[in-house]
Amino acid sequence: MTELGEYLRACRARVSAEQVGLPTSGHRRVPGLRREELASLAGVSVDYIVRLEQGRVKSASPAILTALARALELRPDEEEYLLRCAAEAGVSDRAKQVTPRNQQVSQATQVLLDSMVNVPALVLGRRMDILAWNSLSAALFTDYSRLPAKRRNHIWLTFLDPEVRGLYANWEQVAQECVAYLRMDAGRYPNDPELARLVGELSVKDPDFRRWWSDHRVRSQRHGRKEFVHAVAGELSLDFQVLDSRGSDQSLLVYTAEPHSPSAQALTFLAGWAATELPARPAEEAGSPRRSGAAPSTGESKDGT
């Protein structure tokens, strides 16, 4: 079965007949909408739904996909993922073999990060790789410079690093959102071998990740709030924003606190602590495009870190 088929089945299972105004009488062997119910709501044949889910439709009509998205009550980012899955299903194997962009961060981006002394900030790349950071984000999460390049990954740390995992007051919610973000990224680059390796490792090592990944939930990260319990700064309630860099696979993740709030005071304290307790950047890195917070290039041509 294709990713499009698996995603359609997962979405169908999450929508109840009652939710969309259909009769709920009679025994249901599986949760969610039946194929004939979805077909009726979307105005297509049951056979077409079957062929879509079995991967036997090579070129799905955008109009039909939009009708399915409406019937399944998908959010805009979920509909975007559905359309991408359908487009991927109709692309030839040769066309899928696209060399990904390199993930190196520019010097100007690192200078921007270093100038943001009062807010934790990170640059995320594909697969939620951490490409660059400022000192306050290192103080909040972990000293990324001490980690191997392969471990500078936001979702890997969230699941498998005990200290980072313990930072979140509501780890389960944060972790589920991270899985949905990663699934959204998988829709953009379904043939990325590094993504497959990351998903495989997390699936083997964490049963929660394995279960949530199989749910096929997707989400675009834009903004929200996270609650932290920090060993040095105590409790913090921080808003986050994700700002995309046009024309690249990189985004800027920034955490802020409400002015004059206890969390703002905690951030100020943490910044002072970081200035004295975190190791100074090596002298040979000063002035380099990969200064203190930038992930070094490994020479991997396919966008790996």
Side-chain angles (χ1 to χ4, degrees), residues 1-15 20 30-39 41-101 124-128 155 176-200 202-203 209-222 242 244 249 251 302-303:
M1 183 179 293
T2 64
E3 175 63 20
L4 172 61
E6 292 182 354
Y7 185 58
L8 272 175
R9 289 188 65 179
C11 291
R12 185 162 58 83
R14 289 196 288 265
V15 179
V20 294
V30 293
L33 292 178
R34 300 185 176 108
R35 285 181 177 133
E36 57 268 25
E37 291 171 334
L38 176 58
L41 290 169
V44 298
S45 69
V46 178
D47 178 66
Y48 191 82
I49 299 293
V50 172
R51 288 188 291 118
L52 269 180
E53 292 188 354
Q54 292 179 349
R56 294 190 287 119
V57 176
K58 293 301 183 183
S59 181
S61 162
I64 291 178
L65 293 170
T66 298
L68 289 171
R70 298 292 181 270
L72 292 167
E73 300 188 344
L74 300 186
R75 299 190 314 269
D77 51 356
E78 293 172 325
E79 181 176 352
E80 177 187 347
Y81 185 80
L82 176 67
L83 293 171
R84 281 178 175 161
C85 289
E88 179 67 19
V91 175
S92 67
D93 290 338
R94 183 173 182 178
K96 294 176 185 178
Q97 297 172 2
V98 178
T99 301
R101 299 184 183 94
L124 298 179
R126 291 175 54 196
R127 307 176 296 270
M128 302 179 73
I155 191 168
Q176 288 187 60
E177 290 173 351
C178 282
V179 174
Y181 300 150
L182 189 65
R183 173 68 76 174
M184 193 74 181
D185 196 58
R188 298 184 180 99
Y189 304 100
N191 299 289
D192 182 356
E194 286 298 307
L195 175 63
R197 180 199 59 78
L198 175 63
V199 170
L202 289 169
S203 297
F209 177 89
R210 184 167 61 249
R211 175 164 52 89
W212 294 331
W213 183 258
S214 68
D215 286 342
H216 288 264
R217 294 186 182 272
V218 297
R219 182 176 292 274
S220 293
Q221 54 176 342
R222 289 293 177 261
V242 179
D244 292 331
D249 295 322
S251 57
K302 295 197 176 205
D303 199 26

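As the structure is a computational prediction, the values presented were derived from the model and not from experiment. Throughout, numbering of the chain's residues begins at 1 and tracks the sequence.
- Qualifying salt bridge (charged side-chain N to carboxylate O under 4.0 Å, His left out) partners for R219, counting only residues two or more places apart in sequence or in other chains: none.
- For the pair C11 and E78, the minimum side-chain heavy-atom distance is 4.5 Å or more.
- Considering only residues two or more places apart in sequence or on other chains, R183 meets the side chain to side chain contact (heavy atoms under 4.5 Å, CB included) condition with E3, Y81, W213, H216, V218.
- Taken from CD in E80 to CZ in R75, the straight-line distance is 11.0 Å, to the nearest 0.5 Å.
- The nearest pair of heavy atoms linking A60 to L52 is CB-CD2, 4.0 Å.
- Listed here is the closest heavy atom pair of L38 and A71: CD1-CB, 3.8 Å.
- Atom CZ of R12 sits about 14.0 Å away from atom OH of Y7, to the nearest 0.5 Å.
- When side chains are defined from C-beta on, L41 does not count as touching L72, because their heavy atoms never get closer than 4.5 Å.
- With values rounded to the nearest 0.5 angstrom, Q54 atom CD is found 12.0 Å from L8 atom CG.
- Ion pairing between R126 and E194 fails under the 4.0 Å rule for side-chain N and carboxylate O.
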Please evaluate residues R222 and D244 with respect to the criterion side-chain contact (heavy atoms from CB on, under 4.5 Å), reporting the C-alpha separation (whole Å), side-chain torsions for both, the decisive distance (0.1 Å), and the verdict. CA-CA 9 Å; R222 289 293 177 261; D244 292 331; 3.4 Å; yes
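- With rounding to the nearest 0.5 Å, the separation of CG in L198 from CE in M128 is 9.5 Å.
- Applying the side chain to side chain donor-acceptor pair (under 3.5 Å) criterion to D185, with sequence neighbours excluded, gives no partner residue.
- Applying the side chain to side chain contact (heavy atoms under 4.5 Å, CB included) test to A39 and every residue at least two apart in sequence or in another chain returns V44, V46, I49.
- Every side chain to side chain contact (heavy atoms under 4.5 Å, CB included) that S45 has, sequence neighbours left out, goes to D47, Y48.
- Annotation: side chain of L182 is in contact with side chain of F209 (closest heavy-atom distance under 4.5 Å).
- With rounding to the nearest 0.5 Å, the separation of CG in D192 from CZ in R197 is 9.5 Å.
- L4 places none of its side-chain heavy atoms less than 4.5 Å from the side chain of V57.
- Scored by the side chain to side chain contact (heavy atoms under 4.5 Å, CB included) test, L83 finds L65, E79 as partners (sequence neighbours excluded).
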